Amino acid sequence: VQLVESGGGVVQAGGSLRLSCAASGFTFDDIAIGWFRQAPGKEREGVSCISSSDGSTYYADSVKGRFTISSDNAKNTVYLQMNSLKPEDTAVYYCAVGPPPESTGWGIFMRGFVDYWGKGTLVTVSS
């Protein structure tokens, strides 16, 4: 299993970025896949995740209305569209795969109880 993130970079506050996570070694069947981030000196936090079964989504309060998660099951890829970026969004963003929310609820995944992690991509938002 491999998760490879891309799309990070440096952007000014108010700008946008789209992250991608290409997955291999498994299919998008009955999983949750999503994004976490870790800022310097802070704990990792769940950002957003999506169910491969029905496309339902979950967002952390800090990104609601600004970030949108989506997936292309045929391409085994999940995306995170990030708009209206703020300096506090600066972090390494990680892709992760875990149990489907239908069986465990969103909380399990968003607290980091996942099966696989990517290596991360750095997002820097300048003020």
Side-chain angles (χ1 to χ4, degrees):
V1 174
Q2 192 173 19
L3 301 171
V4 179
E5 303 95 335
S6 61
V10 180
V11 63
Q12 288 190 330
S16 299
L17 282 175
R18 188 175 85 151
L19 305 184
S20 298
C21 172
S24 60
F26 66 99
T27 58
F28 277 28
D29 293 327
D30 296 326
I31 60 166
I33 184 165
W35 296 90
F36 292 76
R37 67 186 181 185
Q38 188 166 20
K42 294 188 177 181
E43 292 187 354
R44 181 188 60 209
E45 64 171 341
V47 174
S48 180
C49 54
I50 186 168
S51 166
S52 68
S53 299
D54 62 8
S56 56
T57 58
Y58 185 91
Y59 296 92
D61 288 344
S62 57
V63 305
K64 278 181 183 176
R66 300 188 298 122
F67 291 10
T68 303
I69 191 169
S70 62
S71 68
D72 185 333
N73 289 5
K75 294 183 178 180
N76 273 22
T77 301
V78 65
Y79 306 96
L80 187 68
Q81 178 66 43
M82 306 186 295
N83 298 329
S84 303
L85 283 161
K86 305 175 181 179
E88 51 264 43
D89 294 319
T90 294
V92 177
Y93 284 71
Y94 298 91
C95 180
V97 174
E102 294 81 4
S103 63
T104 62
W106 292 113
I108 294 295
F109 186 95
M110 292 296 284
R111 290 200 299 272
F113 293 99
V114 303
D115 297 317
Y116 301 103
W117 292 95
K119 293 184 178 181
T121 185
L122 177 63
V123 172
T124 302
V125 184
S126 61
S127 57

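Only this structure's heavy atoms are used, side chains among them; waters, hydrogens and symmetry mates stay out. From a predicted model like this one, the values you see are computed outputs, not experimental measurements. Note that the numbering runs from 1 along the sequence shown for the chain.
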### Query
Under the side chain to side chain contact (heavy atoms under 4.5 Å, CB included) test, which residues partner Val11, sequence neighbours left out?
Leu17, Leu85, Val125
### Message
Going by the rule side-chain hydrogen bond (donor to acceptor under 3.5 Å, both in side chains), which residues pair with Thr27 if we only count those two or more places apart in sequence or in a different chain?
### Response
Asp29
### Message
For Phe67, give me all partners under ring pair (Phe, Tyr, Trp, His ring centres under 6.0 Å), at least two apart in sequence or on another chain.
### Response
none
### Query
Side chains of Val97 and Val1: does their closest heavy-atom pair fall under 4.5 Å?
no
### Task
State, to 0.1 Å, how close Ala13 and Ser127 come at their nearest heavy-atom pair, and which atoms those are.
CB-CA, 4.4 Å
### Partners meeting side chain to side chain contact (heavy atoms under 4.5 Å, CB included) with Ser52 (sequence neighbours left out)
Phe28, Ile31, Asn73
### Query
Which atom names give the shortest non-hydrogen contact between Gly98 and Asp115, and what distance separates them?
CA-OD2, 3.7 Å
### Query
Between Pro99 and Ala32, what is the shortest heavy-atom contact and its length?
O-CB, 3.3 Å
### Atom pair CE/CZ of Met82 and Arg18 - distance to nearest 0.5 Å
11.5 Å
### Message
Taking atom OH as the centre, does Tyr116 end up with more than 12 heavy-atom neighbours from other residues, nucleotides or ligands that are less than 6.0 angstrom away?
### Response
no
### Query
At what distance, to the nearest 0.5 angstrom, does SG of Cys49 lie from CD1 of Ile33?
10.5 Å
### Query
Remaining members of Trp106's ILVMFWY cluster at a side-chain heavy-atom cut-off under 4.5 Å?
Phe36, Tyr58, Val92, Tyr94, Phe109, Met110, Val114, Trp117, Leu122
### Task
Only pairs at least two apart or in different chains count here, so list each disulfide bond (SG atoms under 2.5 Å apart) that has a residue in residues 1-44.
Cys21-Cys95
### Query
Which atom names give the shortest non-hydrogen contact between Ala22 and Thr77, and what distance separates them?
CA-OG1, 4.1 Å
## Note on the structure
Those residues at least two apart in sequence (or on a different chain) that pass salt bridge (Lys or Arg N to Asp or Glu O under 4.0 Å) with Glu5 are none
### Task
Could you list the residues that satisfy salt bridge (Lys or Arg N to Asp or Glu O under 4.0 Å) with Arg111, not counting sequence neighbours?
none
## Note on the structure
Rounded to the nearest 0.5 Å, the CH2 atom of Trp35 sits from the CG atom of Leu19 at a distance of 4.5 Å
### Message
Quick check: closest heavy atoms across Ile69 and Tyr59, and the distance to 0.1 Å?
### Response
N-OH, 2.9 Å
### Message
Once salt bridge (Lys or Arg N to Asp or Glu O under 4.0 Å) is applied, do any residues pair with Lys42, and if so which ones, sequence neighbours excluded?
### Response
none
### Message
Rounded to the nearest 0.5 Å, what separates atom CG in Leu3 from atom CG in Asn76?
### Response
10.0 Å
### Task
Could you name each residue pair satisfying salt bridge (charged side-chain N to carboxylate O under 4.0 Å, His left out) that touches residues 53-67, not counting sequence neighbours?
Asp61-Lys64, Arg66-Asp89
### Task
Could you tell me the separation between the CZ atom of Arg37 and the CD atom of Glu88, rounded to the nearest 0.5 Å?
8.0 Å
### Query
What pairs of residues pass the salt bridge (charged side-chain N to carboxylate O under 4.0 Å, His left out) test when at least one of them lies in residues 72-87, not counting sequence neighbours?
none
### Task
Verify whether one side chain among Gln81 and Ser70 offers a donor that lies under 3.5 Å from an acceptor in the other.
no
### Message
So, using side-chain hydrogen bond (donor to acceptor under 3.5 Å, both in side chains) as the criterion, who are the partners of Ser16 when residues are at least two apart?
### Response
Asn83
